[in-house]
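Both ligands and their constituent atoms are indexed starting at 1 by order of listing. Heavy-atom basis, side chains included; hydrogens, waters and symmetry copies ignored. Because the structure is predicted, anything quoted here is derived from the model rather than measured.
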Amino acid sequence: MTRDRPVVAVYPGSFDPITKGHEDVVRRSLRLADRVVIAVAHTATQEKGSLFSVEQRLALLEEVFQGEERIECRSFRGLLVDLAREVEARFVIRGLRAVSDFEYEFQMAQMNRELWSGVETVFLTPDQKYSFLSASLVREVARLGGDISRFVPEPVLREMEALFRE
Ligand code: ADP
């Protein structure tokens, strides 16, 4: 394989908010790619029950990865394969926590391949201490007053504490 172009990976998701599980996956993907584009999806269905706006999620991602020159954070609308084409991604990163993630992720990967075969989906597993972690569970625990400090990066903890103090 020629290495004339940097290897770009795109990591899409809702990141509402970014958790330590997502962060772990991003850091692992830096071992495979020269650049990682973290892409927050604008999706009507997800925005309905969301906690943070897409802009707030992006600001948090940027704060968590500030100073990391190989990481870019952005949002996107529309098809993931169109974004992958636009940023010239060699692969899409998805995280697999448990078997329960598999069926949905497998379908998505196959559909994306049908839509555009120019990008591969690569699945990464997080450190096992994050294998039970999801953004929705973190939102739920925070809403009910539980301690989420072990599950989210510091900027997210700060914003969530401010939100639930109100
Ligand atoms: P969540 O499922 O937490 O709401 P997203 O919808 O933003 O997260 O998911 C983006 C990607 O990150 C998906 O591929 C998802 O499987 C993965 N992911 C989410 N949480 C974790 C985790 N704790 N460990 C590994 N991958 C994760």
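Using a 4.0 angstrom heavy-atom cutoff, F123 does not count as in contact with ligand 1. Ligand 1 is never approached by S131 to a heavy-atom distance shorter than 4.0 Å.
Near S134, with a cut-off below 4.0 Å to any heavy atom, the atoms of ligand 1 are 3 (O). Which parts of ligand 1 touch G13 is read off a 4.0 Å heavy-atom cut-off, strictly below it: atoms 7 (O), 10 (C). Close approach of ligand 1 to S14 is summarised as follows: ligand atoms under 4.0 Å from at least one heavy atom of the residue are 5 (P), 6 (O), 7 (O). Remark: ligand 1 atoms within the under-4.0 Å shell around heavy atoms of A135 are 1 (P), 3 (O), 4 (O). Distances below 4.0 Å separate heavy atoms of R94 from the following atoms of ligand 1: 10 (C), 11 (C), 13 (C), 14 (O). The V25 neighbourhood of ligand 1 comprises atoms 25 (C), 26 (N), with distances under 4.0 Å to a heavy atom of that residue. When each atom of ligand 1 is checked for a heavy atom of L133 under 4.0 Å away, the hits are 20 (N), 21 (C), 22 (C), 23 (N). Close contacts between ligand 1 and P126 involve ligand atoms 24 (N), 25 (C) [criterion: under 4.0 Å to a heavy atom].
Donor-acceptor pairing under 3.5 Å is recorded for the side chains of D147 and S149.
Summarising the geometry, atom CH2 belonging to W116 is positioned 5.5 Å from atom CZ belonging to R85; distances are rounded to the nearest 0.5 Å. The distance from the OH atom of Y130 to the CZ atom of R97 is 14.5 Å, given to the nearest 0.5 Å. To the nearest 0.5 angstrom, F52 atom CZ is 5.5 Å from L163 atom CG. Distance CD1/I38 to CZ/R57: 14.0 Å, rounded to 0.5 Å. Rounding to the nearest 0.5 angstrom, the gap separating the CD1 atom in I93 from the OH atom in Y11 is 8.5 Å.
For F106, the CZ atom sits in a loose shell: 12 or fewer heavy atoms of surrounding residues, nucleotides or ligands are nearer than 6.0 Å. Other residues, nucleotides and ligands contribute over 12 non-hydrogen atoms within 6.0 Å of the CD atom of E154.
Residue-level proximity to ligand 1 for K20 is absent, since no heavy atom of it falls below 4.0 angstrom. Contacts of Y11 with ligand 1, taken as heavy-atom pairs under 4.0 Å, involve the side chain alone.
Here the two rings, on F15 and H22, have centers that are under 6.0 Å apart.
Residue P12 places no N or O, backbone or side chain, under 3.5 Å from any N or O of ligand 1.
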